[in-house]
Amino acid sequence: MRRTEILDWLREERPGELCRLWKTANRVRRENVGSGVHLRGLIEFSNRCRRSCSYCGIRSPNRKIARYRMCADEIQDCAGAAVRRGFGTVVLQSGEDPELSAEWMADLILGIKAETKLSVTLSLGERTKEELALWRRAGADRYLLRFETSNPRLYKRFHPSLPGRDSDRLALLAVLRTLGYETGSGILVGLPGQTHADLARDIDLFGRLDLDMIGLGPYIPHPDTPLGKSWKECCAPPDRQVPNTEEMTYKVLALARLICPRANIPVTTAVATLNRSAGFELGLSRGANVIMPNVTPMTYRRMYAIYPGKACAFENHDSAGEKLRYRIQNEGRFVGRGRGDSPNYAHRTRSKAVREAVL
Ligand code: 5AD
C-alpha cells in the first residue's frame, strides 16, 4: 500500500468505507495469523525511570507517585500465576530503571526459563547492546520498544535524550533484530502536533521495519506531566491534527494489519481504557490477535500509572480471566495455545536461512 493510500484511509470518515477497512483487516488477520487470540501476562515490575518523556506518568520528575521495584521472587510468583492461567508468554515491563542491574535481570530470565515453558518478552526501554545481548543469551525471546513517532521533531520534543546519549530507537530495533529477538515496536496515536502525514509515515515504517509485533494505543493526557497540562498549545491546526480517539486508533490498527499481515498485534490496555465494555471486541474484529492481561499484583499495578484511568488498575484479575475467555469466544475466536510466536519471525528467519544456504 502506498503512503498516499494510507493517508486517504486515515482521513476517511464515511461509515461504509470504514466498514470495508474493518472487514479487510479482519480477513487478512484470519488468513495470516488465524483465529487464536494469544494471551500475554503483563508484569509491570518496576515504575522507576530515568527518562523525562513529557507524556508519561512514570517520568522521573513526577514526584507524585510512589516508586517500586518488585523482587525476583515476587516476579517469579507472577510468572507462576501466568502459567496457571494458561498463558504462554510473560511480558516483563518496567520504566527505564537506572538501578536495574543487567546480571539481576539475566538471572531472573534464567529463573523463569528454568521453572516454566513460558516465552519471555522484555519491555525495558533503551538499553545497551551488551545488556540486550546478555538477556538474549539468558533466554529472552522477544523485545518491545516503541519508536512512538517517526517524526524526529516531535520525538525530540517529547522524549529528551539522556545527557551525552542520543536516543535512537530505530538503531536499537536493528540491534534487537541482529541479536535474534522477535522484535516489536509501535506508536502513540493522537500526540499533540502529530499530523495525518506523520501517522501515515509511522504505518509505512512498520512495514519497512518488517515488525514481528506492533503495539499501539491512543495518547491519553496525564495531568501530572508537562504535555498533559498544556497539550492544546502543542496541537497542529485542527484539520491536520490527528485526534486521539478510539476510531482513529482502530484505523491505525487495521492499517498495521494490512501492512504487516503476519505480525502479532495486541488490543492494548490504552484502547480498552477508552472503551471498557467493547474495546477488546472492536480491536479483535479490526485486525488484532493478542491481548495482554495484567498479572501485576494490585498494590503495584496502581502505581504503574503511565496514564490515568488504566482499564486494568482496579479489576480483580481472577474474575477478569474467566470473563476475558468468554468475551473472546463470544467473538467467534478462541484462546491461542502455546507460546504464540510471531509467524512473521518464523517467516523471515526461514527466508534468511534459505538465502544463506543458496549463497
Ligand atoms: N498515553 C498513552 N500511552 C502512553 N504511553 C506512555 N505514556 C502514555 C500516555 N500518556 C505508552 C508509550 C510507551 C508505552 C509503554 O506506554 O507508548 O511506549
Side-chain angles (χ1 to χ4, degrees), residues 40 42-62 64-65 91-97 121-127 142-151 154-155 157-160 167 169-170 172-173 176 183-194 198-199 202-203 205-206 211 213-232 234-235 242-246 248-249 252-253 256 265-275 279 283 290 292 294 296 301 303-313:
R40 323 294 199 198
L42 178 61
I43 310 175
E44 297 160 331
F45 68 89
S46 165
N47 70 350
R48 294 173 188 270
C49 191
R50 60 187 170 195
R51 307 301 290 261
S52 309
C53 307
S54 51
Y55 45 78
C56 182
I58 66 168
R59 65 201 303 273
S60 131
N62 184 6
K64 288 200 183 165
I65 51 167
V91 180
L92 302 177
Q93 188 175 80
S94 71
E96 238 175 70
D97 185 339
T121 303
L122 304 179
S123 176
L124 313 174
E126 295 165 43
R127 300 284 164 174
R142 311 180 185 139
Y143 203 100
L144 301 172
L145 182 70
R146 293 188 182 177
F147 61 79
E148 315 289 3
T149 168
S150 63
N151 177 332
L154 275 189
Y155 184 81
R157 188 195 309 164
F158 296 142
H159 195 274
S167 162
R169 292 197 169 190
L170 297 183
L172 269 183
L173 287 169
L176 290 165
T183 306
S185 192
I187 55 161
L188 286 163
V189 176
L191 275 173
Q194 185 182 46
D198 290 330
L199 199 49
D202 295 343
I203 297 169
L205 186 54
F206 294 161
L211 294 174
M213 303 171 282
I214 302 171
L216 55 97
Y219 160 64
I220 302 175
H222 190 306
D224 301 326
T225 61
L227 194 61
K229 283 199 182 85
S230 63
W231 57 278
K232 288 205 174 86
C234 305
C235 285
V242 170
N244 58 343
T245 56
E246 201 187 341
M248 183 54 81
T249 308
V252 181
L253 180 71
I265 306 181
V267 197
T268 56
T269 309
V271 175
T273 299
L274 289 197
N275 183 348
V290 170
M292 299 163 71
N294 201 313
T296 315
R301 213 188 283 187
M303 295 187 236
Y304 202 85
I306 45 186
Y307 49 82
K310 251 173 80 186
C312 61

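As the structure is a computational prediction, the values presented were derived from the model and not from experiment. Numbering of ligands and ligand atoms starts at 1, following listing order.
- No side-chain heavy atom of M292 sits less than 4.5 Å from a side-chain heavy atom of Q93.
- Residues E44 and N294 bring a donor and an acceptor atom of their side chains to less than 3.5 Å of each other.
- Between the E148 side chain and the Y155 main chain, no donor and acceptor come within less than 3.5 Å of each other.
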Where does ligand 1 get N/O contacts under 3.5 Å from the protein, atom by atom?
residue: ligand 1; atom: 1 (N); partner: I220; partner atom: N; Å: 2.9
residue: ligand 1; atom: 1 (N); partner: I220; partner atom: O; Å: 3.4
residue: ligand 1; atom: 10 (N); partner: Y55; partner atom: O; Å: 2.9
residue: ligand 1; atom: 10 (N); partner: I220; partner atom: O; Å: 2.8
residue: ligand 1; atom: 17 (O); partner: R146; partner atom: NH1; Å: 2.8
residue: ligand 1; atom: 17 (O); partner: E148; partner atom: OE1; Å: 2.6
residue: ligand 1; atom: 17 (O); partner: E148; partner atom: OE2; Å: 3.4
residue: ligand 1; atom: 18 (O); partner: E148; partner atom: OE2; Å: 2.7

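- Of the possible polar contacts, one joining the N47 side chain to the M303 backbone as a donor-acceptor pair under 3.5 Å is found.
- Side-chain atoms of S94 do not come within 3.5 Å of backbone N or O of L124 as any donor-acceptor pair.
- K64 meets the side-chain contact (heavy atoms from CB on, under 4.5 Å) test with N62, D224; sequence neighbours excluded.
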